[in-house]
Amino acid sequence: MKTPTITLNSGFKMPLLGLGTWESPKGEVGAAVKYALLEAGYDHVDAAAIYENEQEVGAALTEVWAAGRKREDVFITSKLWNTHHHPDNVEAACRQTLADLQLEYLDLYLVHWALAFPLEHFPNSRTGKDGVVIREAIPLQDTWRAMEALVDKGLVRSIGVANYTTTLISDLLAYARIKPAMNQVELHPYLAQSELVRFCQAQGMAVTAYSPLGTPGTAEPDMPRLLDDPAIAAIAANHGKTPAQVLLRAAVQRQTVAIPKSVNPSRILENIQVFDFELSTKELQLIKSLDRHMRYCEPMNWWGLPYFD
Ligand code: A2P
């Protein structure tokens with residue numbers, strides 16, 4: 001792998017930067033994956049069943065292998081959707097993702113959210129009369145046991161979680177036979193989550209930053225745009241880099257993995273050109289001071305429940 005890596009607690013290496021595919025439209029995501037892996041120098045793709053584009057990602061990956069890239073040189077993550085938490089459904093979900101991605105194993109498989117929905121509510125969750133998403137009573141421990149079985153069977157190399165809070169991780173660590181390798185969370189200067197990152201890293205878990213650019217494509221129009229922040233722009237000008245590159249550099253400099261999404265070739269390339277400059281301690285401090293505890297991805301808006309409270 002050419003991108004600098006971190007070593008997960010499972011012993012496997014993971015590139016610090018990868019291509020995100022959330023909201024990457026069908027008809028475009030395949031070309032983005034091929035461009036990233038064959039031309040832009042990426043060796044890491046972040047996928048998920050709920051993105052509903054894994055079949056196209058898989059067809060692109062098969063072309064990537066045919067063009068000469070080796071499977072073992074590329075790191076691929078996917079995620080278990082909330083509808084498949086029941087232990088009877090975890091392996092089937094993983095096998096469906098493997099079939100869609102046309103792979104024999106995943107490098108990393110994550111529990112997407114600490115919330116279980118009924119199986120038949122894939123891919124669209126439903127809301128009850130109380131305005132809250134309809135959930136299924138499945139203990140997270142049961143789901144984790146089934147995730148561990150995927151490692152035992154060789155279907156996935158490492159397992160982890162996404163959107164887990166400190167208390168959820170504490171609980172998980174109390175019963176995990178295979179410790180979670182990763183917590184993937186929203187992370188950027190407006191939502192620095194320094195304590196959560198420190199906690200995860202102290203437990204030997206790595207952290208992935210999703211929405212590292214502040215999801216400019218999907219954010220509510222009245223929310224401040226991270227990419228337009230004047231402090232970020234000033235740092236970017238100082239290095240002859242773009243604001244996006246400063247945001248991604250800041251992520252990898254704190255040893256968090258970043259997975260910027262793009263389907264545009266020039267931005268895909270721009271986003272990986274972050275390993276040829278370094279932010280100073282003063283610049284990192286300035287970036288740290290921008291924290292405003294602001295979530296672009298707020299489950300309250302989708303599911304009517306205060307997930308992070
Ligand atoms: P596009 O796919 O057209 O490039 P995030 O990873 O934080 O969710 O951000 C993804 C959004 O940011 C997408 O709308 C993507 O649009 C846009 N984007 C990706 N890279 C850049 C960049 N380097 N500069 C500006 N916008 C970008």
Side-chain angles (χ1 to χ4, degrees), residues 3 15-37 39-42 44-48 50-53 56-57 60 77-79 110 112-113 162-163 184-193 197 207-221 223-237 239-252 254 256-277 279 287 290-299 301-302:
T3 312
L16 272 168
L17 197 124
L19 180 73
T21 59
W22 179 46
E23 301 277 1
S24 294
K26 283 182 194 156
E28 295 179 41
V29 69
V33 167
K34 278 189 281 181
Y35 178 77
L37 294 179
E39 295 184 56
Y42 283 62
H44 170 186
V45 177
D46 182 90
I50 196 61
Y51 303 163
E52 292 192 270
N53 56 14
E56 187 173 330
V57 172
T77 302
S78 185
K79 312 183 193 85
L110 307 176
H112 209 147
W113 292 87
N163 300 298
Q184 182 179 124
V185 295
E186 180 179 342
L187 214 61
H188 45 70
Y190 287 174
L191 186 69
Q193 306 211 67
V197 171
V207 178
T208 295
Y210 75 68
S211 300
L213 306 177
T215 61
T218 46
E220 301 291 325
M223 293 184 96
R225 268 175 60 96
L226 179 58
L227 278 171
D228 293 344
D229 190 284
I232 300 291
I235 295 171
H239 289 274
K241 288 285 183 181
T242 66
Q245 288 170 326
V246 168
L247 294 172
L248 297 170
R249 180 70 210 177
V252 300
R254 66 197 291 223
T256 56
V257 179
I259 47 165
K261 170 263 170 182
S262 181
V263 289
N264 175 294
S266 67
R267 289 193 283 275
I268 291 173
L269 187 61
E270 175 185 331
N271 292 345
I272 199 161
Q273 291 173 336
V274 299
F275 297 103
D276 57 355
F277 75 112
L279 299 170
I287 291 171
L290 302 176
D291 193 9
R292 39 176 107 179
H293 310 284
M294 199 192 79
R295 285 182 192 283
Y296 290 103
C297 300
E298 174 48 77
N301 298 337
W302 317 322

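Every number for a ligand or one of its atoms is a count from 1 in the order of the listing. Worth knowing before you read on, the calculation uses all heavy atoms, side chains too, and leaves out hydrogens, waters and symmetry mates.
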Enquirer: Does Q245 use its side chain to pair, donor to acceptor, with the backbone of T242 at less than 3.5 Å?
Expert: yes
Enquirer: Could you grab the distance from atom OH of Y35 to atom OG of S262, nearest 0.5 Å is fine?
Expert: 10.0 Å
Enquirer: Compile the protein residues with any heavy atom at a distance under 4.0 Å from an atom of ligand 1; present them by chain, then by number.
Expert: S211, P212, L213, G214, T215, P216, G217, L227, A244, P260, K261, S262, V263, N264, R267, E270, N271
Enquirer: State which residues pass salt bridge (charged side-chain N to carboxylate O under 4.0 Å, His left out) with R225; sequence neighbours excluded, sorted by chain then number.
Expert: D228
Enquirer: For Q193, which residues count as a side chain to side chain donor-acceptor pair (under 3.5 Å) partner, sequence neighbours excluded?
Expert: none
Enquirer: I'd like to check the salt bridge (charged side-chain N to carboxylate O under 4.0 Å, His left out) partners of K79; sequence neighbours left out, ordered by chain and number.
Expert: D46
Enquirer: Please check: side-chain N/O of K241 versus main-chain N/O of I235, any donor-acceptor pairing under 3.5 Å?
Expert: no
